[in-house]
2 protein chains.
Amino acid sequence: MPDERTEARRRRIPEATVVRLPVYQRLLAELLRAGQPTVSSEQLAAMARVNAAKVRKDLSLLGSFGTRGTGYDVAFLIAQIERALGVGLDWPVAIVGIGNLGRALVNSEGFSSHGFRVVALFDVVESVVGHEVGPTVVHHIDRLPEVAAELHPSIGVIATPAGAAQEVADALVTAGVGAILNFAPKVLSVPSDVLLRYVDLSIELQVMSFYQSRRAEAGGAQVPPIRAFGLSLSPEGSAR
Amino acid sequence: MPDERTEARRRRIPEATVVRLPVYQRLLAELLRAGQPTVSSEQLAAMARVNAAKVRKDLSLLGSFGTRGTGYDVAFLIAQIERALGVGLDWPVAIVGIGNLGRALVNSEGFSSHGFRVVALFDVVESVVGHEVGPTVVHHIDRLPEVAAELHPSIGVIATPAGAAQEVADALVTAGVGAILNFAPKVLSVPSDVLLRYVDLSIELQVMSFYQSRRAEAGGAQVPPIRAFGLSLSPEGSAR
DNA sequence: TCGTGTGAACCATTTCACAGCT
DNA sequence: AGCTGTGAAATGGTTCACACGA
């Protein structure tokens with residue numbers, strides 16, 4: 001059978017590429033604002049601080065959108081990336097744990113600017129439950145099932161202490177979310193059809209302390225702190 | 001390089017492994033609290049939700065710490081991982097941007113529980129500068145050079161809006177920090193001897209939306225969110 | 001000529017599978 | 001018999017280098 005896809009490559013997109021797409025998108029939006037009509041892989045690569053071949057390979061996975069000799073049309077490329085990322089679809093988000101972190105998330109540029117709708121907030125602390133935070137009121141976590149049944153969040157964010165995280169994850173899964181973003185420093189267990197990603201501050205810090213110690217040693221001098229050198233780490237995009 | 005290290009393997013440790021070490025450490029601490037004296041790679045792998053061979057390979061990079069037929073001594077292994085990670089050394093941290101996120105970081109389990117010392121906070125907002133947040137007072141960002149000269153932060157955390165991030169990074173580098181953890185949604189430029197890592201909420205969300213859209217399509221049915229309602233379907237529904 | 005799209009080489013990481021120690 | 005440590009195979013991702021189209 002001769003199936004030429006009308007468009008849209010069905011190719012599998014590697015996770016590493018998926019993580020870079022939002023970065024490209026952000027940079028392209030800057031170029032668009034600056035009124036630049038086209039961009040080369042070279043220029044985009046410089047902005048994203050990655051290799052130009054990587055940019056071309058990443059973009060080619062979405063389809064052949066470039067013009068040889070010219071580069072990519074900025075506006076068109078943005079549209080293609082947004083389509084791949086599902087921008088424009090509706091992604092209702094529930095956030096559990098309305099401490100400083102939860103509050104930071106509610107008000108974050110990350111949500112508002114990309115069409116993620118915060119539809120429900122939960123906590124257990126009496127002084128928080130019932131209060132307005134950002135666009136909604138905070139419910140008690142016990143009401144998660146009923147509230148979720150009504151609002152159908154498709155992404156759940158866990159911003160609780162580690163001790164509560166698994167329990168919350170279970171509740172979110174039961175409530176039907178398809179993806180969980182976990183900020184608690186805890187390995188979680190969820191069914192394999194639920195997407196789970198971690199953002200873990202303490203891991204990031206410890207990774208830094210690992211490389212800093214190594215470097216201090218390698219530089220031969222000094223105890224931990226300041227201004228030792230010798231090794232060049234951060235080869236390139238640690239854009240995680 | 002004419003030397004048998006007295007101890008401490010000189011082998012290069014892959015970044016992927018470095019990121020897992022803090023996870024193992026956390027799990028081992030749990031086992032220690034539970035009074036379990038030894039652990040097998042199999043058990044630790046189950047807890048970390050990774051492959052057992054991976055655990056063995058990761059740990060073997062630090063040295064041969066296991067006992068065949070028995071497993072690893074929990075307390076000893078913790079000590080080895082902590083040594084590799086530079087736990088116990090002094091890592092003074094400066095945080096720039098004391099909004100909700102900055103505040104969340106100051107009070108975070110991540111800092112307190114791993115010996116990271118928050119030595120200085122900075123912001124530009126008048127209503128924040130001069131106030132106590134957590135253990136210290138917030139300085140105006142303009143005072144970063146003088147404050148840093150005194151306190152020698154070795155890690156800088158950027159929790160500002162994207163627009164200010166590069167400027168802050170430059171100031172931190174000039175002040176001599178060797179590592180920067182950037183929470184702003186912005187690609188930064190730093191000298192190659194400064195370690196730079198990103199934590200980017202909006203990327204994480206967009207990655208989720210990518211996989212969720214794909215799944216919605218693949219599942220053949222449903223609109224974007226779970227349990228269909230409203231909203232238009234994305235182009236074509238073909239499987240693959 | 002410029003710059004994309006892509007096979008092929010390269011490098012990193014994961015997983016397998018098993019020899020060898022306890 | 002049980003479990004580590006590690007070569008070797010498999011997989012995933014990056015970079016090179018160049019044919020080809022605009």
Side-chain angles (χ1 to χ4, degrees), chain A residues 5 7-21 23-24 28 31 36-74 76-77 80-81 84 207 210-211 233-240, chain B residues 7 9-21 23-24 28 31 36-74 76-77 80-81 84 207 210-211:
Chain A
R5 292 279 165 231
E7 38 142 50
R9 295 307 154 96
R10 275 298 104 219
R11 312 190 216 181
R12 190 183 157 279
I13 299 190
E15 177 175 339
T17 295
V18 174
V19 171
R20 283 187 296 267
L21 291 178
V23 176
Y24 299 149
L28 289 164
L31 292 175
Q36 189 177 316
T38 65
V39 64
S40 67
S41 61
E42 197 71 57
Q43 188 191 355
L44 192 52
M47 295 176 77
R49 298 209 147 68
V50 300
N51 182 295
K54 195 185 275 181
V55 170
R56 290 200 297 278
K57 189 143 272 187
D58 284 343
L59 296 181
S60 77
L61 291 168
L62 304 181
S64 286
F65 300 142
T67 308
R68 293 165 196 228
T70 308
Y72 303 86
D73 180 275
V74 172
F76 183 70
L77 194 48
Q80 295 310 314
I81 292 177
V207 169
F210 173 89
Y211 285 111
L233 301 166
S234 90
E236 180 232 303
S238 345
R240 268 230 319 160
Chain B
E7 34 143 51
R9 294 306 152 96
R10 272 303 100 214
R11 309 192 220 181
R12 190 184 156 277
I13 299 189
E15 178 175 340
T17 295
V18 174
V19 171
R20 283 188 296 267
L21 291 178
V23 176
Y24 298 150
L28 289 164
L31 292 175
Q36 189 178 315
T38 66
V39 66
S40 67
S41 61
E42 197 71 55
Q43 188 191 354
L44 192 52
M47 295 175 77
R49 301 212 144 65
V50 298
N51 182 296
K54 195 185 274 181
V55 171
R56 291 199 296 279
K57 189 144 271 186
D58 284 343
L59 296 180
S60 77
L61 291 168
L62 304 181
S64 286
F65 299 141
T67 309
R68 288 160 200 233
T70 309
Y72 302 85
D73 181 276
V74 172
F76 183 69
L77 193 48
Q80 295 310 313
I81 292 178
V207 169
F210 172 88
Y211 285 110

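Each chain gets a letter, A, B and so on, in the order its sequence line appears, and its residues count up from 1.
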Provide, to the nearest angstrom, the distance between the [atom1] atom belonging to [X] and the [atom2] atom belonging to [N].
X	N	atom1	atom2	answer
Lys54(B)	dT14(C)	NZ	P	4 Å
Ile13(A)	dG12(D)	CD1	P	15 Å
Leu44(A)	dG3(C)	CG	P	14 Å
Leu59(B)	dT4(D)	CG	P	9 Å
Asp73(A)	dA22(D)	CG	P	16 Å
Arg20(B)	dT15(C)	CZ	C1'	12 Å
Phe65(A)	dG3(C)	CZ	C1'	17 Å
Asp58(B)	dT14(C)	CG	C1'	10 Å

Among Asn51(B), Leu59(B), Val55(B), Asp58(B), which one satisfies side chain to side chain contact (heavy atoms under 4.5 Å, CB included) with Ser41(B)?
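By the side chain to side chain contact (heavy atoms under 4.5 Å, CB included) criterion, Ser41(B) pairs with just one of Asn51(B), Leu59(B), Val55(B), Asp58(B): Val55(B).
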Among dT22(C), dA17(D), dG3(C), the nucleotide that comes nearest once only the side chain of Ser40(A) is considered
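Between dT22(C), dA17(D), dG3(C), the one nearest the side chain of Ser40(A) would be dG3(C).
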Heavy atoms from C-beta onward define the side chain here; which of dA19(C), dG13(D), dT6(C) lies closest to that of Arg68(B)?
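For Arg68(B), the side-chain atoms sit closest to dA19(C).
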Does any non-hydrogen side-chain atom of Thr17(A) lie less than 4.5 Å from one of Lys54(A)?
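With C-beta onward as the side chain, the pair stays apart.
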Are the side chain of Thr67(A) and the backbone N or O of Thr70(A) linked by a donor-acceptor pair below 3.5 Å?
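No: the side chain of Thr67(A) does not pair with the backbone of Thr70(A).
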Base, sugar-phosphate, or nothing for Ala16(B), non-hydrogen atoms under 4.0 angstrom?
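Since only primed, P, OP1 and OP2 atoms lie under 4.0 Å of Ala16(B), the category is sugar-phosphate.
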Residue whose closest nucleotide on DNA chain D lies nearer the 5' end, Ala53(A) versus Glu42(B)
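Residue closer to the 5' terminus by nearest nucleotide: Glu42(B).
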Report the C-alpha separation of Met47(B) and Val39(B) in whole Å, then their side-chain angles, then the decisive distance to 0.1 Å, and conclude whether the side-chain contact (heavy atoms from CB on, under 4.5 Å) test is met.
CA-CA 11 Å; Met47(B) 295 175 77; Val39(B) 66; 5.5 Å; no
Just wondering, more than 12 heavy atoms not from Glu42(A) lying within 6.0 Å of its CD?
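Not buried by this count: 12 neighbours or fewer within 6.0 Å.
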Between [N] and [X], is there an OP1 or OP2 to side-chain N/O distance shorter than 4.0 Å?
X	N	result
Tyr72(B)	dG2(D)	no
Thr70(A)	dA22(D)	no
Arg56(B)	dC18(C)	no
Asn51(B)	dT13(C)	no

Return yes if the base of dT15(C) and the side-chain atoms of Lys57(B) contain a donor-acceptor N/O pair under 3.5 Å, otherwise no.
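Flag set: donor-acceptor pair detected.
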